Amino acid sequence: MNHELFSDDTPLPIGDGALLLRGFALGVDDALLEAVDAVSAEAPARRLCTPGGHRMSVETTSCGRWGWVSDAAGYRYAECDPVSGRAWPAMPEPLRRIAVAAAARAGHAHFDPDTCLINRYAPGARMGLHQDRNEHDFSQPIVSVSLGLPIVFQFGGLQRSDRPQRVPLAHGDVLVWGGPTRLAFHGVLTLKAGIHPLTGASRINLTFRRAR
DNA sequence: CAGTAACG
DNA sequence: GGGC
């Protein structure tokens, strides 16, 4: 029996222009987590507030030219970390490489991310349905890397009222969406408690985008 | 509404 | 768990 025939890396379509690359980051997971630790040492993750005044349940930091921030003034990209007043840490090469490779695998040959949002989920943390729409160029896709504990991703449509499909995500999975679904509503359900050998009691999500 | 609460 |  040739198992090569059955262990293919064919991207799984989850929508029009939206693909799940199962285990795509598995070979470089250690390097990614090491990079996340380095970024977090320079720009510690913190819980942001939404414009509506609610504290988000995830802990957020960023690297790259731009960092995603949210406060009473709204959602936006900032060149400096508002906590330190300094520029965000540079995007570590292992992070950039996996994002560019995943985008290419999904058919986006010229993805050039200038920001990586790092979200840490502890048990009980979640992310409600939302659109990534603070970027300037919607022709560039979104690349999302899952590390650590599994979670259920929700991928909806272009309207909040569209019922999202549920996609279980595991350590090493990578999602790429763009084109017709670039503005699709998405989120994740509440993280359940567990222990992952590499991340312990948490899940880490890396979201790569071209902000400008 | 990148949110919570209340309610079926 | 899903919609407002």
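Residue numbers begin at 1 in each chain, while the letters A, B, ... track the order of the sequences. Treat the numbers as computed from the prediction; the structure is a model and nothing was measured.
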Between B:dC1 and B:dA5, how far is it from one P atom to the other, in whole Å? 14 Å

Protein-nucleotide distance (A:Asp162, atom CG; C:dG3, atom P), rounded to Å: 10 Å

To the nearest Å, give me how far apart CG (A:Leu129) and P (C:dC4) are. 12 Å

With sugar-phosphate meaning primed atoms plus P, OP1 and OP2, does A:Asp132 contact a base, only sugar-phosphate, or nothing at under 4.0 Å between heavy atoms? base

Which is true for A:Leu48 with a 4.0 Å heavy-atom rule: it touches a base, it touches only sugar-phosphate, or it touches nothing? nothing

Atom CE of A:Met127 and atom C1' of B:dC1: how far apart are they, to the nearest Å? 13 Å

Tell me if a side-chain donor or acceptor on A:Arg47 pairs with a main-chain N or O of A:Met56 at a distance below 3.5 Å. yes

Should the heavy atoms of other residues, nucleotides or ligands under 6.0 Å from CD of A:Gln159 be counted, would the total exceed 12? no

Close N/O contacts between protein and nucleotides 4-8 of chain B (under 3.5 Å):
unit_1 : atom_1 : unit_2   : atom_2 : d
B:dT4  : OP2    : A:Arg126 : NH1    : 2.9
B:dT4  : OP2    : A:Arg126 : NH2    : 2.8

Between A:Asp112 and A:Arg96, is there a salt bridge with N-O shorter than 4.0 Å? yes

How is A:Arg76 classified with respect to the nucleic acid when contacts are heavy atoms under 4.0 Å: base, sugar-phosphate, or nothing? nothing

Name the nucleic acid region contacted by A:Thr50, choosing base, sugar-phosphate or nothing; use a 4.0 angstrom heavy-atom cut-off, strictly under. sugar-phosphate

Within 6.0 angstrom of A:His110 NE2, more than 12 heavy atoms from elsewhere: no

Taking atom CD of A:Glu34 as the centre, report whether more than 12 heavy atoms of other residues, nucleotides or ligands fall under 6.0 Å from it. no

Atom NZ of A:Lys192 to atom C1' of C:dG1: distance rounded to whole Å? 12 Å

Please identify which of these residues, A:Leu95, A:Val143, A:Thr207, meets the side-chain contact (heavy atoms from CB on, under 4.5 Å) condition with A:Cys116. A:Leu95

Could you check how far CD of A:Gln154 sits from P of B:dC1, rounded to whole Å? 18 Å

Between A:Asp114, A:Asp137, A:Asp132, which is the residue that forms a salt bridge (charged side-chain N to carboxylate O under 4.0 Å, His left out) with A:Arg210? A:Asp114

Is any side-chain nitrogen or oxygen of A:Arg166 closer than 4.0 Å to OP1 or OP2 of C:dG2? yes

From CG of A:Asn134 over to P of B:dA2, roughly how many Å is that when rounded to an integer? 10 Å

Atom NE2 of A:His130 and atom P of B:dG3: how far apart are they, to the nearest Å? 8 Å

A:Asn205 near the nucleic acid: base, sugar-phosphate alone, or nothing, with a heavy-atom cut-off under 4.0 Å? nothing

Write down the distance between CD (A:Glu59) and C1' (B:dA2), rounded to a whole number of angstrom. 15 Å

